[in-house]
Protein chains: 2
Amino acid sequence: MAVQGSNKNQKPGNLVQTIERVSLILDVLGRYSRGISVGELSEEVGLPKGSTHRLLSSLAYFNFVRQDKPTKKYHLGFKLLELGSLLITQIDFRNEARPLMQELANKTGETIHLVVLDQNEALYIDKVALNQSGLQMMSRVGLRMPIHCTSVGKILAAYLPEEELDLIIKEKKLPRLTAHTMTDVALFKRHLKEVRVCGYAIDDEENENGIRCVAAPIRNSDGAVVAALSISGPSIRVSLKAIEDSLKDQVCAAALHISKKTGFIG
Amino acid sequence: MAVQGSNKNQKPGNLVQTIERVSLILDVLGRYSRGISVGELSEEVGLPKGSTHRLLSSLAYFNFVRQDKPTKKYHLGFKLLELGSLLITQIDFRNEARPLMQELANKTGETIHLVVLDQNEALYIDKVALNQSGLQMMSRVGLRMPIHCTSVGKILAAYLPEEELDLIIKEKKLPRLTAHTMTDVALFKRHLKEVRVCGYAIDDEENENGIRCVAAPIRNSDGAVVAALSISGPSIRVSLKAIEDSLKDQVCAAALHISKKTGFIG
DNA sequence: AATATGGTTTCGCAATGCGAAACGAAAGGG
DNA sequence: CCCTTTCGTTTCGCATTGCGAAACCATATT
């Protein structure tokens, strides 16, 4: 599967009601890890109990949701896990990326992430952390991060058409997450220009205190940036000097390698 | 989230048409890793092009599917990845299991799996393999396996009410996958009795030639078996002797440890 | 340019699914 | 032990929703 740019969702209007409701229901279920009853759910989504129940039982039949028999509460269903993990295997560069991510993790000792742009956010689609079960990053496949305060987000943003970037900034703003977060649009754009020049991006504790990252772009055969690869770790180990001295080169080399494997001619 | 037993889906009848169609569409999309056009898809699902398109555009709006702009082809959408990975984090024993799986992988050098029963199959919900990027198992989170020829499947089957087990066997049969696969119902049931007595199950190249596994049950606070933990590896390393001497004890100890962490009083 | 191909939109009809209300099954309390 | 409450599930008549044939439109092709 090719992952090309982000998907700008057209204007709502002619949406299928059932799909809208299903999306809403699944989102709510996602927020209740202990499960939720029909009554509560119907309250939450603002639909009559009967209607909610009809949708739930059909969703359950196809395994999109699960009803816990003893408690009668509804949960997300394993069909979602199945489809989600299927989706991951369909991303073509992911298979090429895997071994190189592993190697990068072994060499650097830090956590490696593979990220795409989706819904105007940076979406983690793979992660390799060393087995030494020390402190792990809170990141996780399927998780989303803002584009303005992560190294991967900056990479994905830097190679976007200006107008699309403007739309994203307009929608998401540049919320402050740490003292280092860039919250000024002009500054952010200047920064992205630098990223394009350097060919890599740094997150210097702009997303989470004590965490620093470096990322590089992964390109498809057309040269378009389709993903970003990053090295993340505690600021003590991932010092600005370490980044300059070797990490930035390692992540760039690995990203280029992946790009070439999937048809990019550098 | 508690994962309790399997979900027996009630009889179809009053299903919401849209949900049925959505499920079908997503399943088909899952089979086309290169994407599929509206025309092909409408052919495949047996729906008029217009109807297929309407469903797809609503699904795309909510990010359940993605349309690749250059090719216009449709793919699974990242919302599925998001919901699927959210679901995984909601399984309560998974968080307790993780570190123990890691430890088990380090000690044994083999691949560790965490599996639940879903839709009458063994569903992999977590996997820990060593970093040493040698030969990896083809297993993957979200993948399903038969219950009769995997160690984890046998564990999940062994503690099922007889009637439910019969239903599963009736539905799935006991298809032969290797020369060692048990295909006789009576033999299989006798075998499950042994599993209950021993407290662990072995897959002796019954699912895949050259792969042997040992699994043990994970129980909730009520003592009900909710998952299985396994050690898998090439038959050369995972010999029957190695299993007897230490692997079976290690996997049982780890599984019991996880059970106790989530409230089981052994 | 003309044509073919395939994605997208329209629109009038009726099937689909909506939701108020009835029903039923547990759980709690007198 | 029965009565009451609570909450999940089912029913059913109505009208809204979404169905799908056909028109439309945008690319690619000759």
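Here is the naming used below: chain letters follow the sequence lines, and residue numbers restart at 1 for every chain. This one's a predicted model, so the numbers in the text were calculated from it and none came from an experiment.
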Item to check | Contacts of B:E44 that satisfy side chain to side chain donor-acceptor pair (under 3.5 Å) - sequence neighbours left out | outcome: B:R31, B:Y32

Item to check | Sidechain-backbone polar pair: A:Q67 side chain, A:K72 backbone, donor-acceptor under 3.5 Å | outcome: yes

Checklist entry - Can you find a heavy atom in the side chain of A:D68 that is under 4.5 Å from one in the side chain of A:H75? => result yes

Checklist outcome for this item: note: B:R21, atom CZ; D:dG18, atom P; distance rounded to Å ~ 11 Å

Checklist entry - Taking only side-chain nitrogens and oxygens of B:T18, does any of them come within less than 4.0 Å of OP1 or OP2 of C:dG17? => result yes

Item to check | Gap between atoms CG and P, on A:L41 and D:dT9 respectively (whole Å) | outcome: 12 Å

Next on the checklist: Pair B:S37, B:E40 - check side-chain hydrogen bond (donor to acceptor under 3.5 Å, both in side chains), show working.
Outcome noted: CA-CA 5 Å; B:S37 64; B:E40 291 172 291; 2.9 Å; yes

Next on the checklist: What residues from residues 43-52 of chain B pass a heavy-atom cutoff of under 4.0 Å to DNA chain C?
Outcome noted: B:K49, B:G50

Next on the checklist: Check the phosphate of C:dG7 against B:H53, side-chain N and O only, distance under 4.0 Å to OP1 or OP2. Yes or no?
Outcome noted: no

Item to check | Rounded distance in Å - NZ (A:K72) to P (C:dA25) | outcome: 10 Å

Next on the checklist: Rounded to whole Å, please give me the gap between CG in A:L59 and C1' in C:dG17.
Outcome noted: 14 Å

Checklist entry - In whole Å, what is the span from the CD atom of B:Q67 to the P atom of C:dG7? => result 9 Å

Checklist outcome for this item: When rounded to whole Å, the CG to P distance for the pair B:L15 and C:dT16 reads 13 Å

Checklist entry - Which residues satisfy the ring pair (Phe, Tyr, Trp, His ring centres under 6.0 Å) test with B:F188, sequence neighbours excluded? => result none

Checklist entry - Which whole-number value in Å describes the distance from A:L55 CG to D:dT10 P? => result 14 Å

Next on the checklist: Whether the side chain of A:K173 engages the backbone of A:K170 through a donor-acceptor N/O pair (distance < 3.5 Å, no angle test) should be reported.
Outcome noted: yes

Item to check | Atom-to-atom span, CD1 of A:I36 to P of D:dG8 - whole angstrom | outcome: 10 Å

Next on the checklist: Please determine whether a side-chain nitrogen or oxygen atom of B:S37 lies at a distance below 4.0 Å from atom OP1 or OP2 of C:dG7.
Outcome noted: yes

Next on the checklist: Taking the nucleotide of DNA chain D with the nearest heavy atom to each, does A:I19 or A:Y74 sit closer to the 5' end?
Outcome noted: A:Y74

Checklist entry - Stepwise, does the side-chain hydrogen bond (donor to acceptor under 3.5 Å, both in side chains) test hold for A:D92 with A:N220? => result CA-CA 10 Å; A:D92 44 17; A:N220 68 6; over 6 Å; no

